[in-house]
Protein chains: 2
Amino acid sequence: MIQPRPRTIPEATVARLAVYLRALTTFAEGGRSTVSSGELAEAAGVNPAGLRKDLSHLGPCGVRGVGYEVQTLRDRIARVLGVERSRACVLVGIGNLGSALADYAGFGSRGFEFVGLFDAATARIGQRIGGQTVRPLDELADVVATTQASIGVITTPADVAQSVCDRLAAAGVRSILNFAPVPLVAPAGVDVRKVDLSVELQVLAFLGQQRLDDAAVDGAALGEPA
Amino acid sequence: MIQPRPRTIPEATVARLAVYLRALTTFAEGGRSTVSSGELAEAAGVNPAGLRKDLSHLGPCGVRGVGYEVQTLRDRIARVLGVERSRACVLVGIGNLGSALADYAGFGSRGFEFVGLFDAATARIGQRIGGQTVRPLDELADVVATTQASIGVITTPADVAQSVCDRLAAAGVRSILNFAPVPLVAPAGVDVRKVDLSVELQVLAFLGQQRLDDAAVDGAALGEPA
DNA sequence: GCGACTTTGTTCCTGCGTTCACAAGCGGTT
DNA sequence: AACCGCTTGTGAACGCAGGAACAAAGTCGC
């Protein structure tokens with residue numbers, strides 16, 4: 001049995017496909033019917049050749065000499081990414097960040113719907129955020145089972161993140177997005193993806209500092225007084 | 001003039017150094033005086049060999065047969081990352097996400113201090129969040145100049161992000177962390193780093209879907225009925 | 001004091017991602 | 001109908017990150 005096309009799309013490509021999808025939506029709203037790889041690449045902030053290679057994973061979907069049909073390409077990327085059907089998500093840890101995510105309009109428009117918000121603090125239970133009511137952690141397994149939620153988001157403090165991860169996995173969640181600054185271990189069959197905001201800031205700060213240091217050294221090499 | 005050690009540390013290594021720094025702090029609080037690369041790697045969720053290679057960029061800092069001295073290594077990483085001195089940051093766009101970041105304790109403990117919160121909506125101006133008062137955008141240049149803020153964080157809607165980026169760069173900010181879902185173009189000498197929360201979720205969803213598809217194909221290949 | 005064990009630091013290698021460059025193909029024009 | 005310009009899709013080369021294996025070095029026990 002020959003696979004006509006390898007189903008394994010590189011993760012970096014998947015991430016960019018999501019960006020292309022958003023750019024294509026903007027083009028469609030602007031009334032454009034076709035775009036070239038150059039235009040789309042500029043809108044997405046990537047290299048045109050790389051964009052074409054990314055799209056090649058979906059099979060031929062452009063017309064040579066013309067470009068890509070906006071609507072067709074948009075639909076195809078959406079189907080590959082699975083945006084066509086809505087995905088139920090649960091969110092654990094309703095602090096500042098959790099509240100912001102629960103209320104973030106950008107998720108709903110991309111097919112992600114929060115069907116359950118959970119927190120351990122009794123003070124938070126009952127609060128209404130983004131159309132949902134915060135529930136106690138005890139109800140997590142029930143909600144995941146009844147809603148068939150496949151994605152869990154962890155915005156708890158670091159010390160309870162692993163325990164929450166275990167409970168999510170046990171309840172049947174298949175994918176976890178972790179904002180807590182600890183590496184999580186999950187059973188096989190459960191994907192974990194980490195977003196670490198402090199690390200992003202520290203990398204940024206380091207790059208800025210490094211640039212200053214380099215400039216200082218270059219200046220010294222050019223004969224500046226010590 | 002020979003550089004005893006190349007000053008260019010890979011960006012991926014820098015990101016992991018920040019993780020090691022956090023793990024080392026945890027070890028220090030636990031009273032540990034030394035750790036091996038294996039222990040630290042497990043706490044950071046990486047491969048021990050890779051960890052040693054990362055640390056090799058800082059020069060020899062361990063003792064063979066023993067491991068790494070927690071306090072010494074922590075100080076060295078902190079110095080390389082520039083955590084020792086506090087960095088002034090400004091934040092533009094005080095929506096849900098912006099408020100959460102302004103109030104996020106994880107930044108302050110890592111040497112990042114928000115010295116200005118800005119928003120265009122008059123309704124938000126004057127609000128107090130995390131010890132700061134939200135100000136109008138007009139005051140951005142003044143605040144950046146007086147506080148010598150070097151880092152700007154953008155949590156505005158996409159359509160105004162580029163304009164905010166321009167104003168930040170003009171005001172003298174050197175590094176920008178962008179949460180808006182658009183690629184920003186900044187003048188030379190200004191670093192931009194992007195965090196796209198919807199993309200993270202979409203990648204996660206795709207991986208989960210792909211896993212299901214693969215399982216279905218595997219099952220069929222094993223002789224399941226069609 | 002010496003040997004064995006432990007752990008670091010480095011080197012090699014494999015695989016992946018990115019970029020450049022070119023051939024193939026389609027539409028418009030004469 | 002044939003030519004020309006434009007754009008896609010792909011093949012090759014380059015650079016980089018990650019992982020495994022090995023040599024160097026220091027400590028602990030005898």
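A note on names: the letters A, B, ... follow the listed sequences, proteins ahead of strands, and every chain is numbered from 1.
Remark: the K53(A) side chain and the dT19(C) base include a donor-acceptor N/O pair separated by less than 3.5 Å. Under 3.5 Å, the side chain of R64(A) and the base of dT8(D) form at least one donor-acceptor pair of N or O atoms.
Rounded to whole Å, atom P of dG18(D) lies 15 Å from atom CZ of R52(B). Here the P atom of nucleotide dT7(D) and the CG atom of L40(A) are 14 Å apart, to the nearest Å. As a whole-Å value, the separation of L51(B) CG from dA20(D) P is 14 Å. The CD-P distance, from E69(B) to dT27(D), rounds to 12 Å in whole Å. When the C1' atom of dA17(D) is taken as reference, atom CD1 of I9(B) falls 15 Å away, rounded to whole Å. The distance from atom CG of L58(B) to atom P of dT10(C) is 11 Å, rounded to the nearest whole Å.
G62(B) comes within 4.0 angstrom of sugar-phosphate atoms only, judged by non-hydrogen atoms across all strands, and of no base.
Other residues, nucleotides and ligands contribute at most 12 non-hydrogen atoms within 6.0 Å of the CD atom of E42(A).
Nearer the 5' end of DNA chain D, as judged by each residue's closest nucleotide, is the contact made by L55(A), out of V63(B) and L55(A).
Phosphate contact (OP1/OP2 of dC26(C), side-chain N/O of Y68(A), threshold under 4.0 Å): absent. For dG17(C), the OP1/OP2 oxygens have no side-chain nitrogen or oxygen of N47(A) closer than 4.0 Å. A sub-4.0 Å separation between OP1 or OP2 of dG18(D) and a side-chain N or O of R16(B) is present. Taking only side-chain nitrogens and oxygens, S37(A) never comes nearer than 4.0 Å to OP1 or OP2 of dT7(D).
Checking S198(A) against R110(B) by side-chain atom types alone, no donor-acceptor pair falls below 3.5 Å. Side chain to side chain, D54(A) and T13(A) meet the donor-acceptor criterion of an N or O pair below 3.5 Å. R74(B) and T25(B) are linked by a side-chain donor-acceptor pair at a separation below 3.5 angstrom, with hydrogens and angles left out of the test.
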Going through the checks in order, is the side-chain contact (heavy atoms from CB on, under 4.5 Å) test met by I176(B) and L204(A)? CA-CA 8 Å; I176(B) 294 176; L204(A) 203 54; 5.6 Å; no
